[in-house]
Every structure is written in C-alpha cells, then in structure tokens.
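To keep things clear, I will list the structure first and then write my remarks on it.
Reminder, nothing fancy here: chain letters follow the sequence lines and each chain counts from 1.
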Protein chains: 2
Amino acid sequence: MTKTAEVILFPRHAKNPAQFRTWLASISSTFKKYLEGKGLNLTHQREEVLKCLLSAGNHMSLDDVYAAAKKKDPTIGRATVFRTLKLLEECGLAAEVGSADGRTRFEIKADRPHHDHMICIECGRIAEFESPMMERFQNKAIRQHKFIALWHRHEIFGRCELCAK
Amino acid sequence: MTKTAEVILFPRHAKNPAQFRTWLASISSTFKKYLEGKGLNLTHQREEVLKCLLSAGNHMSLDDVYAAAKKKDPTIGRATVFRTLKLLEECGLAAEVGSADGRTRFEIKADRPHHDHMICIECGRIAEFESPMMERFQNKAIRQHKFIALWHRHEIFGRCELCAK
DNA sequence: ATTTCAATGAAACTGAGTTTCATTATCAGG
DNA sequence: CCTGATAATGAAACTCAGTTTCATTGAAAT
Ligand SMILES: [Mn+2]
Ligand SMILES: [Mn+2]
Ligand SMILES: [Zn+2]
Ligand SMILES: [Zn+2]
C-alpha cells in the first residue's frame, strides 16, 4: 500500500494579512508594469478589482467581482470591472475558468502552480487538482501532433463529495 | 528507444457506402429506441439531422448541420435541428465539443472511443487525441477527491502543425 | 371521423458578454 | 497653477449563440 500523494489541493489565498499585503503589492506592481508598457495606468478602480479578485474568493464571476468591488466603491461600473478582468487575463495574471452555471469565472494565476478543475453540477463548488503525470502525457500527445499549445482547459463535471449524498 | 504508440489519431467516418449505411442503421435504431422510451418517434426530420451529423463532417456547429440538412430538405427548421441535436446528446449518441470561435460543435459519440481535442485558433481545425495514461491519472485524481465524475472536457488550444507556419 | 397529443418552423426571447458614447479624471508641457 | 491631449469611466445599448414560444400541421389512437 503505497502512500499516494500526487494530487494536491490548493486551499488558496494568503490568510495572514501581512502576507496578503505583500502578495497584493507584488501582483499590483506586475500589473502596473504591464499597463505602463501599453501607456495605461493603474487607477484606483483597477487596483480595487485586483484586490477583490485576490481576497474575495477564488473562482468569481464577473458579477461576483462587481458586487465585491461595489461594496468598497459604490460608484464603480460593471464595464470597468469587466475591462480590468480582461486586462488581468491579457497579461497572464488571471485566467478564465468554466463553471456549472454557464457563467465564466476568474481566478488569479500569479504565483500559483498550474492546476485543473473538478466542478460540482449540484452546488457549483470548484475543486482544484494537479497531476504532473497528466501534464506529462498531455505534453507527449501535443508533441506527437506537432501542435503548438498555447493554453488548455481540463474540466471534470460531476458531484462533489458533499453533494454525492 | 521505445516504439511509442500511445496517442492515436481518429480520421473518422465510414468511407465505404455500405459500411456507412450499416453504421447509420445501427445508430438510427438506438435513437429510435430511446425516443420510443419517451413516447416520441423518429421522424424523417430527426433522421435527416442524424444522417447529416454522421456524414457531413465530424465537428459541426448547429448551423453547419442546419445548412447540411436544409440541402436535403429545404423545409426543415433550425429549431428542429437544434432540438434533435439536444436529443442525440441526451441519449449519449452525440456530444458537444468546444471550438475556437465561441460556437459549440457536435460530434457523434456512438461506436467511437473516448478522446479529447486540440483546437487550432488559427484555422479552427479540431484534432482528436487519445491517451489512456492521461485518463488513468485523471481517474486517480477523481478517486482521491471522492468526486463522482459524470463527464469531462479536455481541450488544448493553440496552433496546428499546418498553421504553425 | 374525431380526438389527442407529438412535432414542426418562424419568430421572438434570453442573458452573458461586450461595445458605445458622453462625461470625467489624469497627466505632461508651458 | 493653467491648458490641451488622451486615458478612463459608468450607464446604457447592443450582440449573438442558444433557447423558447406559439400557432399550425401531422400522425396515431379510438
Ligand atoms: Mn482554480
Ligand atoms: Mn472529436
Ligand atoms: Zn457539490
Ligand atoms: Zn490550424
């Protein structure tokens, strides 16, 4: 009976406030650099969206982030949240994730290892999993097809442990 | 230097007419049984849609199938094509596949081994690949999470061999 | 022939995602 | 400080794949 580790959970987000501030500062700085490169600037709205995405949960829909941001700044617009999420995605700091209810979710990618998702069609919960072996065989298939892989999504739908009665 | 087979292409669809007719008959019969079980019947429109999906290419959008079906029966409606594709999916004969241009594609699942997809963001081509090893490690992850997997999608986006200059 | 209910096609609707546009903030040079 | 130029914003409008509605037709059952 071998001790299988292999698959690792990612209960994420810095719980320690100081740790969180450091993390935010680091990502903020990366975002700022990216924006400056395009002649844009890191406005307080953009920073607010980033902060919300980092703190208010892991797999948030546009409207989740919008709601969270609105609590801090009631004047913020949905369009701005949308545009900021796109910018974050564009520069590789965030990524889109599928979900049980058709709405796309967003997650922070920075400083996080690659992982895929198991999505509960009952409660919507999204569990993260990671399997180096899987990635390995995936890369093998990609190589054999002489395919230039840019990104992938691997999403398993079903019932989570809690919802499986 | 081991002879790697492992990843197999699926250039699909019975080329031989006789073979094709047999295949169609078999799937038709399954579909009919499914419909009867729900008090529905296999109309000529429904059969036409099935035939188109089987013959006119492998990863067709709703409107691809609609166009193909319309050639054979100009009176057929988009709603009927849509509903038939949903029925085929519902009974496990067909499945939805992602694509480069946001529109869902459909493929026949009956009598075909499970496979995943590499999708070219340049030309839209969808290549099929299959890796028992990947499925194996995927199942391992699922077991470890005590997840009840119902279906999954594993789609790799990038540039196909031809489009990679 | 009459009843019943499935099936259809045209057209209308839905809603997540996206864009437009008038207005407001930001910033660099003077 | 002003002053222009341009980036940024929020509200509202728009898109469009997917889906539903509804009036009509078809096909079986009685
Ligand atoms: Mn995740
Ligand atoms: Mn396929
Ligand atoms: Zn669940
Ligand atoms: Zn290509």
Side-chain angles (χ1 to χ4, degrees), chain A residues 31-50 52-53 59-91 94-106 119 124, chain B residues 31-50 52-53 59-91 94-106 119 124:
Chain A
F31 193 27
K32 190 169 189 193
K33 262 174 223 144
Y34 174 75
L35 291 170
E36 277 167 358
K38 299 189 73 177
L40 310 179
N41 25 23
L42 181 51
T43 62
H44 66 98
Q45 285 100 328
R46 284 175 180 158
E47 193 148 28
E48 189 55 63
V49 169
L50 175 58
C52 285
L53 190 61
H59 300 111
M60 308 174 76
S61 71
L62 164 58
D63 286 310
D64 289 342
V65 180
Y66 177 41
K70 211 156 194 186
K71 269 184 198 157
K72 295 296 192 68
D73 172 2
T75 72
I76 205 167
R78 211 178 91 108
T80 299
V81 176
F82 170 76
R83 287 183 288 233
T84 304
L85 289 172
K86 283 296 176 197
L87 282 168
L88 286 167
E89 196 190 347
E90 197 176 300
C91 70
E96 298 190 354
V97 176
S99 71
D101 64 347
R103 11 182 56 208
T104 306
R105 315 246 149 192
F106 294 85
I119 301 169
Chain B
F31 192 28
K32 191 169 188 194
K33 262 174 223 145
Y34 174 74
L35 291 169
E36 277 168 357
K38 299 188 73 176
L40 310 179
N41 24 22
L42 181 50
T43 62
H44 66 99
Q45 285 100 329
R46 283 176 181 157
E47 193 148 27
E48 191 54 64
V49 169
L50 175 59
C52 285
L53 190 60
H59 300 111
M60 308 173 76
S61 71
L62 165 58
D63 286 310
D64 290 342
V65 180
Y66 177 40
K70 210 154 195 189
K71 268 184 200 157
K72 296 297 192 66
D73 172 1
T75 71
I76 205 165
R78 211 178 91 107
T80 298
V81 176
F82 169 77
R83 287 183 288 234
T84 304
L85 288 172
K86 283 297 176 195
L87 283 169
L88 286 167
E89 196 190 347
E90 199 176 299
C91 70
E96 298 190 355
V97 175
S99 73
D101 65 348
R103 14 185 55 207
T104 306
R105 314 246 148 192
F106 294 85
I119 302 170

Take atom [atom1] of [X] and atom [atom2] of [N], then tell me their distance rounded to the nearest Å.
X	N	atom1	atom2	value
A:His44	C:dC27	NE2	P	11 Å
A:Tyr66	D:dA12	OH	C1'	12 Å
B:Asp73	D:dT25	CG	P	17 Å
B:Leu87	C:dA6	CG	P	13 Å
A:Glu96	C:dA16	CD	P	15 Å
B:Asp63	D:dG18	CG	C1'	10 Å
A:Glu47	C:dT26	CD	C1'	16 Å
A:Arg46	D:dA7	CZ	P	11 Å

Review point. Do the charged groups of A:Glu96 and A:Arg103 touch, with an N to O distance under 4.0 Å?
Key: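 Salt bridge absent between A:Glu96 and A:Arg103.
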Review point. Going by an N to O cut-off under 4.0 Å, is there a salt bridge joining B:Lys86 and B:Glu89?
Key: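 Salt bridge between B:Lys86 and B:Glu89, a charged N being under 4.0 Å from a carboxylate O: yes.
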Point to revise | Upstream residue (5' side of DNA chain D) when A:Thr75 and B:Gly102 are each assigned their closest nucleotide | key: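 Nearer the 5' end of the strand: A:Thr75.
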Review point. Just by modelled atom types, is the B:Thr75 backbone N or O under 3.5 Å from a matching donor or acceptor in the B:Asp73 side chain?
Key: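 Such a contact is found between B:Asp73 side chain and B:Thr75 backbone.
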**Study point:** Under 3.5 Å: donor-acceptor pair, side chain of A:Arg78, backbone of A:Asp63
**Key:**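 Side chain of A:Arg78 to backbone of A:Asp63: no pair is present.
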Check your understanding: Would you say a side-chain N or O of B:Arg103 is under 4.0 Å from OP1 or OP2 of D:dC16?
Key ->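 Indeed not, no polar side-chain atom of B:Arg103 lies that close.
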Review point. Can a side chain N or O of A:Gln45 be found less than 4.0 Å away from OP1 or OP2 on C:dA25?
Key: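 The answer is no; no side-chain N or O of A:Gln45 sits under 4.0 Å from OP1 or OP2.
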By the 4.0 Å heavy-atom rule, please label [X] as base, sugar-phosphate, or nothing.
X	result
A:Thr104	sugar-phosphate
B:Asn41	sugar-phosphate
A:Arg78	base

Review point. What parts of residues 79-86 of chain A reach DNA chain C, counting only heavy atoms under 4.0 Å away?
Key: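 Those residues are A:Ala79, A:Phe82, A:Arg83, A:Lys86.
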Review point. Taking C-beta and beyond as the side chain, do B:Phe106 and B:Asp64 meet within less than 4.5 Å on heavy atoms?
Key: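 No, side chains not in contact.
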Exercise for review: Check whether any side-chain heavy atom of A:Phe31 sits under 4.5 Å from a side-chain heavy atom of A:Thr84, and report yes or no.
Suggested key: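 Heavy-atom side-chain distance check passes, below 4.5 Å.
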Practice item. Give me the bend of the helix from C:dA1-D:dT30 to C:dG30-D:dC1, using the axes of the five pairs at each end, rounded to 10°. Key: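 The two end axes of the helix from C:dA1-D:dT30 to C:dG30-D:dC1 meet at 10°.
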Practice item. With the side chain of B:Leu40 defined as its heavy atoms from C-beta on, choose the nearest nucleotide among C:dA6, C:dG9, D:dA8. Key: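 Of the options given, the side chain of B:Leu40 lies nearest C:dA6.
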Review point. What's the closest nucleotide to the A:Thr43 side chain, out of D:dT9, C:dG9, D:dG18?
Key: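 The answer is D:dT9, which lies nearest to the side chain.
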Which pair of heavy atoms, one from [X] and one from [Y], lies closest together, and at what distance?
X	Y	answer
B:Gly98	B:Ile119	O-CD1, 3.6 Å
A:Val97	A:His59	CG2-CD2, 4.2 Å
B:Arg46	B:Leu42	CB-CD1, 3.8 Å

Practice item. Could you say whether A:Arg105 or B:Gly39 is positioned toward the 5' end of DNA chain C, judged by the nucleotide with the nearest heavy atom to each? Key: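 The residue mapped nearer the 5' terminus is B:Gly39.
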**Study point:** side chain to side chain contact (heavy atoms under 4.5 Å, CB included) against B:Ser99, all qualifying residues, sequence neighbours excluded
**Key:**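 By the side chain to side chain contact (heavy atoms under 4.5 Å, CB included) rule, B:Ser99 matches B:Asp101, B:Arg105.
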